[in-house]
Amino acid sequence: MLSDLTRRALLAAAILVPTLAWAQADTGPKLPPLMKIVVPFSAGASNDAIARALAPQLAQRLGNTVIVENRPGAAGVIGADYVAKSPADGSVLLLTSSTFLTAAATQARLPYDPLTAFAPVSLIGNGPMLLAVSAATSIKSPAELIAAARARPGTLSYGTAGTGSVAHLSSEMLSDAAHIKMMHVPYKGAANALLDLAGGQIDMMISNYTSIAPQIKSGKVRALAVTSAQPSPVFPQLPTVASAAPGFAADIWVMVFAPGATPAPVVARLNRELNQIATTHEVKALLEPDGATPLALSPPDLARRVKDDLAVWRKIAVDKKIVAE
């Protein structure tokens with residue numbers, strides 16, 4: 001028979017072994033001692049701020065150094081191409097927005113395949129945009145906007161940051177869902193479009209809240225609805241666009257990608273770490289003003305989301321013959 005001491009030792013070992021196995025599995029593969037998160041937009045923009053909130057926390061969790069590098073240009077294509085051609089060992093990551101897919105849908109030639117050249121790692125934030133009109137109009141609901149567009153086919157104008165932008169494709173999606181025709185007025189950047197919306201030179205615009213907030217607060221722009229399929233708890237006073245245009249839904253996101261050939265265990269560890277970091281106060285504080293929240297999806301689920309979103313944007317671009325300038 002076993003002594004009490006032996007039994008206690010065996011019991012302790014039985015408890016310890018799965019604990020150690022879990023800890024080892026949770027740690028996962030080691031990452032390179034120096035990593036960088038590439039942001040394909042200028043320093044100081046919202047994606048850059050999010051990357052700089054992620055980097056120190058990721059470094060602390062991995063026990064290495066993580067830096068942020070900005071590589072702007074060509075609607076994010078320059079930075080994305082750099083990451084696509086980087087070593088597939090987890091040392092170089094891409095933090096980008098939905099522009100990653102709208103660029104792929106509307107640019108005639110890309111130096112990479114958006115579905116095979118990248119491995120989706122983590123969805124840091126997902127949220128709605130706002131449908132807004134100039135306060136100079138009498139329109140106060142998405143149903144009234146649609147009625148006005150039907151009464152004046154092709155004359156109600158909407159502004160965007162440029163041909164092929166998220167706002168452009170989303171506005172064309174609205175046209176299809178509501179069976180209306182509107183006039184597109186492209187600008188060189190959302191800021192110029194928002195100024196003209198506030199001044200009444202254009203009638204409507206789809207934009208994220210942070211960009212349009214100053215004009216809303218000044219009373220020059222009126223928010224009508226959120227673009228998400230479901231109402232947003234951050235904007236409880238606003239209905240969905242879909243309440244007047246059934247089937248319409250257009251979320252925007254911030255996502256982290258690795259080069260496509262990155263080993264699955266490396267992607268899985270980064271997914272786990274970044275999903276947890278996305279829920280921290282530092283990151284949530286940057287996401288919440290736009291009504292964005294993290295979604296802890298697995299890499300396979302993320303890959304399906306990217307594929308599905310790209311199919312939606314590509315269909316709009318093909319149907320409307322939209323080619324980015």
Side-chain angles (χ1 to χ4, degrees), residues 28 31 35-41 45-55 57-58 61-62 66 68 76 79-80 83-84 90 92-105 114-129 166 169-170 208-210 226-230 232-234 249-260 262 264-314:
L31 275 294
M35 294 172 56
K36 60 183 171 183
I37 300 174
V38 174
V39 178
F41 308 107
S46 59
N47 287 269
D48 178 66
I50 292 169
R52 293 181 191 279
L54 293 175
Q57 296 192 62
L58 184 60
R61 286 173 174 268
L62 298 178
V66 181
V68 175
V83 174
V92 182
L93 304 175
L94 174 73
L95 184 143
T96 189
S97 67
S98 301
T99 301
F100 174 74
L101 294 184
T102 55
L115 298 180
T116 61
F118 300 89
V121 173
S122 177
L123 205 170
I124 304 301
N126 183 90
M129 296 175 285
V166 174
L169 297 184
S170 298
N208 67 304
Y209 174 74
T210 300
V226 292
T227 62
S228 50
Q230 301 298 324
S232 169
V234 178
D251 285 345
I252 53 174
W253 45 250
V254 175
M255 197 178 295
V256 174
F257 294 82
T262 304
V266 172
V267 173
R269 181 172 188 196
L270 288 168
N271 171 265
R272 184 171 57 250
E273 302 292 358
L274 287 168
N275 284 352
Q276 293 178 18
I277 295 170
T279 66
T280 61
H281 172 74
E282 292 83 356
V283 178
K284 287 173 68 176
L286 296 171
L287 299 174
E288 286 175 348
D290 281 321
T293 56
L295 292 180
L297 300 179
S298 68
D301 287 340
L302 286 172
R304 281 189 287 273
R305 169 70 186 270
V306 169
K307 183 178 179 180
D308 291 347
D309 283 4
L310 180 58
V312 169
W313 297 132
R314 272 183 171 163

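- No salt bridge links Arg305 with Asp308; every basic N to acidic carboxylate O contact stays at or beyond 4.0 Å.
- To the nearest 0.5 Å, atom CG of residue Asn208 and atom OG1 of residue Thr227 are 10.0 Å apart.
- Leu274 CG to Leu58 CG: the interatomic distance, rounded to the nearest 0.5 Å, is 5.0 Å.
- Separation of atoms CZ (Arg272) and CD1 (Ile277) is listed at 11.5 Å; rounding is to 0.5 Å.
- The distance from atom CD1 of Ile124 to atom OG of Ser97, rounded to the nearest 0.5 Å, is 13.0 Å.
- When every heavy atom of Ala250 is checked against every heavy atom of Met129, the shortest pair comes out as O-CE, 3.8 Å.
- Using a 4.5 Å heavy-atom threshold, the side chains of Leu115 and Leu310 count as touching.
- Of the possible donor and acceptor atoms, one in the side chain of Ser98 sits under 3.5 Å from a partner among the backbone N and O of Trp253.
- A donor-acceptor pair under 3.5 Å is absent between the side-chain atoms of Thr262 and the main chain of Val267, judged by distance alone.
- If you run side chain to side chain contact (heavy atoms under 4.5 Å, CB included) between Gln57 and each of Glu282, Gln276, Glu273, only Glu282 comes through.
- At least one side-chain heavy atom of Arg269 sits under 4.5 Å from a side-chain heavy atom of Leu62.
- A heavy-atom distance below 4.5 Å is not found between the side chains of Thr279 and Asn275.
- Of all non-hydrogen atoms in Ala84 and Pro259, the two that sit nearest each other are O-CB, 4.4 Å.
- Across all non-hydrogen atoms, the minimal contact from Val66 to Ala55 is CB-O, 3.6 Å.
- Remark: Leu302 CG to Ser122 OG distance equals 7.0 Å, nearest 0.5 Å.
- In Lys36, the NZ atom is crowded: over 12 heavy atoms of neighbouring residues, nucleotides or ligands sit closer than 6.0 Å.
- Using a 4.5 Å cut-off on side-chain heavy atoms (C-beta onward), Asp48 and Val68 make contact.
- Annotation: side chain of Val83 is not in contact with side chain of Phe257 (no heavy-atom distance under 4.5 Å).
- One distance of note links OG1 of Thr96 with CD1 of Ile37; it measures 12.5 Å at 0.5 Å rounding.
- Counted within 6.0 Å of CD on Gln230, heavy atoms from surrounding residues, nucleotides or ligands total 12 or fewer; the atom is thus considered open.
- Screening Val121, Leu31, Asn271 for a side chain to side chain contact (heavy atoms under 4.5 Å, CB included) with Val266, the sole residue that qualifies is Leu31.
- Side-chain contact check for Phe100 versus Leu94: some heavy-atom pair is nearer than 4.5 Å.
- Residues Met255 and Asp309 have side chains not in contact (no heavy-atom distance under 4.5 Å, counting atoms from C-beta outward).
- Nearest approach of Ala80 to Pro40, heavy atoms of both residues: N-CB, 4.3 Å.
- Nearest heavy-atom pair across Phe41 and Thr99 is CZ-CB, 4.2 Å.
- Side chains of Leu287 and Pro294 form a contact here, defined as non-hydrogen atoms less than 4.5 Å apart.
- Contact record, Ser170 with Trp313: OG-CH2, 3.5 Å, taken as the closest heavy-atom pair.
- Between the side chain of Asn126 and the backbone N or O of Thr293, no donor-acceptor pair lies under 3.5 Å.
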